[in-house]
Amino acid sequence: MPAYVLVAPDASARTVALVDLDEHAAETGRRTVPDDDLPDEVRRVEAAHAAAPPRWVWDDTRTRYPALLAAGVRVERCHDLRLCHAILRHSERAAASALAQSPPGPWDADAVAPRPHAPSLFDALDDAPDPVPAATRDPLAELRAQLDAVAGATHPGRLRLLLAAESTGALIAAEMHHDGLPWDASVHDAILTDLVGPRPWGGARPQRLEELADEIRTALVAPHLNPDSPPDLLRALRLQGFDVQSTSKWEVQGLDHPVVAPLLEYKKLSRLLSANGWAWLDQWVHDGRFRPDYVVGGVVTGRWASDGGGALQLPAQVRDAVRADPGWRLVVADAAQLEPRVLAAMSGDRDMAAAARHADLYQGVADAGVVPSRKDAKYAMLGAIYGATSGAAAQLMPHLARAFPRAVALVEEAARAGERGDVVTTWLGRSSPPASEALRVALAAAAGEGAGADDVRETRRHARDRGRFTRNFVVQGTAAEWAMCWMASLRRRLRGIEGRPHLVFFLHDEVVVHSPADVADDVATAVRESADEAGRLLFGDAPVDFALDLAVVDSYAAAG
DNA sequence: AGAGGTCGCGCC
DNA sequence: AGGGCGCGACCTCT
């Protein structure tokens with residue numbers, strides 16, 4: 001059993017204590033190490049336990065790890081008390097634990113002052129007190145509370161895996177920020193120049209956008225129209241006799257008018273320019289690297305969010321600027337139709353798993369004769385997962401329910417639970433937020449006598465909204481767990497490959513590894529083996545394949 | 001002037 | 001259609 005090593009701030013927060021902890025046994029060997037010496041101490045301990053790497057237990061990877069990375073230290077494993085507390089606090093599977101039953105304390109998010117940024121000049125002027133000083137948080141006591149909660153949980157093994165995956169995610173997020181995504185600013189500049197003309201001086205509109213703005217004004221007979229103003233645009237469209245409710249792409253597309261083509265192109269280009277234009281390049285790309293902050297656990301379902309630069313929304317148009325360094329390659333892999341595969345595995349639906357044996361799951365469903373075409377299969381499957389209530393997807397649902405009764409029943413039950421106001425839980429044990437107070441009150445009122453018809457209708461609508469959320473939650477959340485296990489497994493394998501190939505990007509069901517060219521094939525193998533391992537870690541021997549689309553490329557745009 | 005809300009649209 | 005996000009721009013309110 002590997003030793004736990006605890007990093008604990010003392011009252012002054014200037015030193016840390018290292019404690020060898022054998023699970024619940026008494027601590028031994030407490031030693032106090034000044035913050036400045038921590039990188040060397042970590043290096044020493046990691047080397048001493050190379051065979052069975054220690055698990056560093058600390059309050060918050062976001063605040064601890066960057067300094068270690070800057071000093072050239074990589075930690076093998078950790079337990080992030082902040083992230084794990086958040087999971088255990090809300091998980092139905094640990095609801096009976098002392099941790100879950102205790103009142104909100106210093107480890108709960110809203111009680112802890114966020115400290116994502118480096119101390120700045122203004123911190124000294126900020127007289128708002130830290131709601132919970134770090135010294136009131138006792139990492140050793142919290143670790144014990146968390147281990148107790150896991151030990152007493154239903155499915156403790158799954159919960160343990162979730163906490164390990166989440167914590168490794170925190171390590172990876174910090175490492176990806178540290179290493180950065182290779183970004184060629186000259187390629188990015190060329191893409192922009194090609195689309196809209198050279199970068200204008202100051203805040204002026206680039207040439208192509210100015211031309212399009214003129215075309216729009218002419219077509220709408222509105223010489224002073226500002227195409228960036230939705231109200232202006234809406235007024236002008238209505239003056240042309242169109243009964244439109246908004247200026248959205250979807251509504252404009254349906255119109256028959258000369259303004260449509262230039263307006264849609266204008267929207268596309270101005271969007272690109274404002275989101276990922278020259279200003280973005282200036283702000284986010286330095287020394288050939290894009291370094292967003294990844295926010296582990298930033299989405300309720302367990303997906304990551306990002307902070308800065310819109311890292312998880314990089315449009316296809318600029319992906320060609322992601323280039324491997326000379327002598328390096330990008331290994332790009334995404335899990336094909338991850339969510340339906342996850343649904344097949346978690347529901348134990350063997351017929352759906354058989355369809356997932358096909359590298360293209362949707363084609364597999366079509367081939368099985370469930371629906372006429374691949375396109376129908378995709379619509380139906382996404383409809384089942386997202387909760388389509390109308391249109392083609394809803395029409396296909398009965399076919400899907402007949403062919404894959406267990407899979408459809410799983411999402412239907414999740415939806416019904418959400419509509420009742422219940423909490424739902426992913427495969428590994430992350431629970432959804434509770435229903436809003438408003439919904440609970442409304443449900444209780446609607447169940448009583450004398451409820452007005454309008455109120456009942458409104459309550460049903462609200463309940464169905466939440467049902468769609470909980471339906472999706474169990475699948476999206478479990479897919480996020482699979483992805484985290486995939487990435488954690490990959491990280492471990494990459495450490496065994498020469499030349500330090502490293503993860504540089506993660507996007508829900510897709511990873512990018514920056515790899516020395518001569519080991520790129522080994523990396524590709526590691527990516528595939530990791531996907532298999534993730535499937536086994538979550539679902540054991542469930543006969544579901546997790547197919548990957550994988551490419552070894554110089555440019556991100558060349559993948560997929 | 002600044003905060004907060006909404007729209008619109010990029011990604012999965 | 002239907003779930004989850006982030007972010008910039010515009011707009012309104014204070």
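As the structure is a computational prediction, the values presented were derived from the model and not from experiment. Order of the sequence lines sets the chain letters (A, B, ...), proteins ahead of strands, with each chain counted from 1.
- Glu339(A) and Arg303(A) are joined by a salt bridge, as a carboxylate oxygen and a charged side-chain nitrogen come within less than 4.0 angstrom of each other.
- Salt bridge Arg329(A)/Asp554(A): present, at least one basic N to carboxylate O contact under 4.0 Å.
- Listed nucleotides dC10(C), dG2(C), dG6(C) differ in distance to Ser306(A); the shortest reach to its side chain belongs to dG6(C).
- At a threshold of 4.0 angstrom between heavy atoms, the contacts of Arg468(A) are confined to the sugar-phosphate backbone, with no base atom among them.
- One interatomic measurement links the two molecules: CG of Asp509(A) to P of dG4(C), which rounds to 17 Å at whole-angstrom precision.
- Distance, Ile385(A) CD1 to dG2(C) C1': 11 Å, rounded to whole Å.
- Nucleic acid contact class of Ala393(A) (heavy atoms, under 4.0 Å, all strands): base.
- Close approach of DNA chain B to chain A, defined as any atom under 4.0 Å from a non-hydrogen atom of the protein, starts and stops at dG8(B) to dC12(B).
- Per the geometry, CZ belonging to Arg471(A) stands 11 Å off P belonging to dG3(C), to the nearest Å.
- Note on Arg466(A): nothing from the nucleic acid sits closer than 4.0 angstrom, heavy atoms only.
- Using a 4.0 Å heavy-atom cutoff across all strands shown, Ala316(A) reaches sugar-phosphate atoms only and no base atom.
- Under a 4.0 Å N-O distance rule, the pair Glu481(A)/Arg158(A) does not qualify as a salt bridge.
- Among the atoms of the strands shown, only primed sugar atoms or phosphate atoms (P, OP1, OP2) are found under 4.0 Å from some heavy atom of Val300(A).
- The residue Leu338(A) sits apart from the nucleic acid: no heavy atom pair falls under 4.0 Å.
- Whole-Å rounding puts the Trp304(A) CH2 to dG4(C) C1' distance at 17 Å.
- At whole-Å resolution of the value, CG in Asn226(A) and P in dC10(C) are 7 Å apart.
- Aromatic pair Phe539(A)/Trp427(A): ring centres closer than 6.0 Å.
- A salt bridge does not link Arg460(A) to Glu419(A): none of the charged nitrogens lies less than 4.0 Å from a carboxylate oxygen.
- Residue contacts shown for Ser270(A) are absent, as no nucleic acid heavy atom lies under 4.0 Å away.
- For a distance-only test at 3.5 Å, the side chain of Gln476(A) fails to qualify as a donor-acceptor partner of the base of dG4(C).
- Rounded to whole Å, atom P of dG2(C) lies 14 Å from atom CG of Leu382(A).
- Taking side-chain N and O atoms only, Ser229(A) has a distance below 4.0 Å to OP1 or OP2 of dC11(C).
- Trp183(A) does not carry Arg289(A) over the face of its six-membered ring by the limits of under 6.0 Å from the centre and within 45° of the normal.
- Atom pair Tyr294(A):OH and dG6(C):P shows a separation of 14 Å (rounding to whole Å applied).
- Residue-level contact check: Gly309(A) touches the backbone only, with heavy atoms under 4.0 Å from sugar-phosphate atoms and none from bases.
- Summarising the geometry, the separation between NZ on Lys268(A) and P on dA9(C) is reported as 18 Å, rounded to the nearest angstrom.
- With distances taken from any side-chain atom of Pro230(A) to the nucleotides dC10(C), dG2(C), dA9(C), the minimum falls on dC10(C).
- Taking the six-membered ring where the residue is Trp, His188(A) and Trp280(A) present tilted rings, their angle falling between 30° and 60°.
- In this structure, the separation between CG on Asp214(A) and CD on Glu210(A) is 5.5 Å, given to the nearest 0.5 Å.
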